[in-house]
Amino acid sequence: MSVESLQATTPVPFGQLVPVTVHFDDLDALGMLHNSRYPLMVERAWAEYWHGQGFGFDGDWEAAGDMCNVIKEMHVSYERPVTRPGRYAAHLWVERLGRTGLTYGFRLCSADGDETYAHGHRVLVRVDPQALRPTPWSDRARAVAADLVRPEADAAAIAEADAA
């Protein structure tokens with residue numbers, strides 16, 4: 001199984017667009033995507049992406065390997081509301097891959113990648129399932145993550161967009 005990739009009007013310069021769907025019941029009383037749903041959509045997109053790369057979790061933490069990780073930090077900036085159900089995308093990339101930690105960036109955006117609704121980052125730490133202490137990522141996970149690393153030249157553009 002592999003993740004269905006989206007075609008952007010202007011191809012994303014790094015990372016990948018993963019389709020997400022906003023359903024009617026994701027909207028709040030004002031008819032906008034509830035603030036808690038933005039990170040949930042991104043989380044589901046990441047899970048689909050990793051699953052498409054052959055990583056998964058079936059309830060056994062001992063066998064989970066790289067999927068045994070915890071969230072250390074999450075930051076979301078909301079730029080504009082999503083006001084109707086439909087197809088959207090999560091633009092996913094890796095900002096930093098350390099020995100035991102991984103910082104990924106994301107945008108919840110239009111299906112073509114042209115409009116940004118929210119953006120942010122999340123820091124994960126891989127942990128040993130017994131000790132619940134940091135443990136190194138596998139070589140296989142590092143290779144998959146390396147394909148999504150944001151080039152340094154794009155760092156300034158993202159920082160400017162975040163500040164705007």
Side-chain angles (χ1 to χ4, degrees), residues 1-57 66-67 69-98 101-126 137 141-164:
M1 173 182 205
S2 65
V3 146
E4 173 190 347
S5 186
L6 291 172
Q7 294 298 80
T9 303
T10 305
V12 291
F14 55 89
Q16 183 166 352
L17 288 178
V18 176
V20 297
T21 302
V22 172
H23 298 276
F24 177 77
D25 61 353
D26 291 321
L27 305 179
D28 64 16
L30 296 175
M32 296 185 285
L33 182 62
H34 190 275
N35 67 297
S36 68
R37 298 295 189 172
Y38 289 77
L40 179 65
M41 302 263 171
V42 171
E43 176 67 19
R44 288 177 179 165
W46 272 112
E48 185 176 336
Y49 178 80
W50 282 102
H51 183 74
Q53 301 300 315
F55 292 83
F57 175 69
D66 294 290
M67 298 306 284
N69 55 67
V70 295
I71 301 163
K72 180 178 179 180
E73 174 183 312
M74 177 133 188
H75 174 82
V76 181
S77 290
Y78 301 94
E79 300 302 324
R80 54 189 296 203
V82 171
T83 58
R84 60 179 176 253
R87 301 271 292 164
Y88 295 86
H91 177 196
L92 310 174
W93 66 88
V94 171
E95 292 186 9
R96 180 183 175 280
L97 176 59
L102 172 88
T103 302
Y104 68 73
F106 63 86
R107 290 186 311 126
L108 186 65
C109 54
S110 56
D112 61 10
D114 288 344
E115 296 180 61
T116 298
Y117 298 99
H119 61 92
H121 71 268
R122 185 170 174 177
V123 179
L124 298 176
V125 177
R126 182 175 178 207
W137 297 104
R142 293 172 98 43
V144 170
D147 286 342
L148 295 176
V149 171
R150 176 200 64 196
E152 281 301 313
D154 295 314
I158 290 173
E160 282 181 31
D162 286 355

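The residues of the chain are indexed from 1 along the displayed sequence. These numbers come from a predicted model, not from an experiment.
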- Task: For Val12 and Gly15, work out which heavy atoms get closest and say how close.
- Result: CG2-O, 4.1 Å
- Task: Under the side-chain contact (heavy atoms from CB on, under 4.5 Å) rule, what do Arg87 and Thr21 come out as? Steps first, then yes or no, please.
- Result: CA-CA 5 Å; Arg87 301 271 292 164; Thr21 302; 3.9 Å; yes
- His34 side chain to Ser36 main-chain N or O, any donor-acceptor pair under 3.5 Å? yes
- Taken to the nearest 0.5 Å, the spacing of Leu102 CG from Lys72 NZ works out to 12.5 Å
- Message: For the CZ atom on Arg142, are there more than 12 heavy atoms of other groups (residues, nucleotides or ligands in this structure) within a distance under 6.0 Å?
- Response: yes
- Given side chains that start at C-beta, do those of Leu92 and Val42 come closer than 4.5 Å, heavy atoms only? yes
- Item | Distance-only donor-acceptor check, side chains His75 and Ser77, under 3.5 Å | yes
- Query: Hey, are the side chains of Leu124 and Ile71 touching, using non-hydrogen atoms and a 4.5 Å cut-off?
  - Reply: yes
- Query: Nearest heavy-atom pair of Tyr38 and Ala118: which atoms, and what distance?
  - Reply: CD2-CB, 3.4 Å
- Between Glu79 and Arg107, is there a salt bridge with N-O shorter than 4.0 Å? no
- Task: Please say which of Trp46, Trp93, Phe14 ends up in a ring-ring contact (aromatic ring centres under 6.0 Å, His included) with Tyr104.
- Result: Trp46
- Would Asp147 and Val94 satisfy side-chain contact (heavy atoms from CB on, under 4.5 Å), going step by step from the backbone distance to the final call? CA-CA 9 Å; Asp147 286 342; Val94 171; over 6 Å; no
- Item | Arg122: which of Glu95, Glu43, Glu73 passes salt bridge (charged side-chain N to carboxylate O under 4.0 Å, His left out) | Glu43
- In Å and rounded to the nearest 0.5 Å, what is the CG to CH2 distance from Leu97 to Trp137? 8.0 Å
- For Ser110 and Ala89, the nearest pair of non-hydrogen atoms, with its separation, is O-CB, 3.6 Å
- Minimum heavy-atom separation for Leu27 to Val82, with atom names? CD2-O, 4.2 Å
- d(Leu33 CG, Met41 CE) to nearest 0.5 Å is 5.0 Å
- Check: Tyr49 side chain, Val18 main-chain N or O, donor-acceptor pair, under 3.5 Å: no
- Would a 4.5 Å heavy-atom cut-off, applied to side chains only, mark Val144 and Phe55 as touching? yes
- Taking every non-hydrogen atom, the tightest pair across Phe106 and His121: CE2-N, 3.4 Å
- Looking at Met32 and Pro81, what are the two nearest heavy atoms and their distance? SD-CB, 3.5 Å
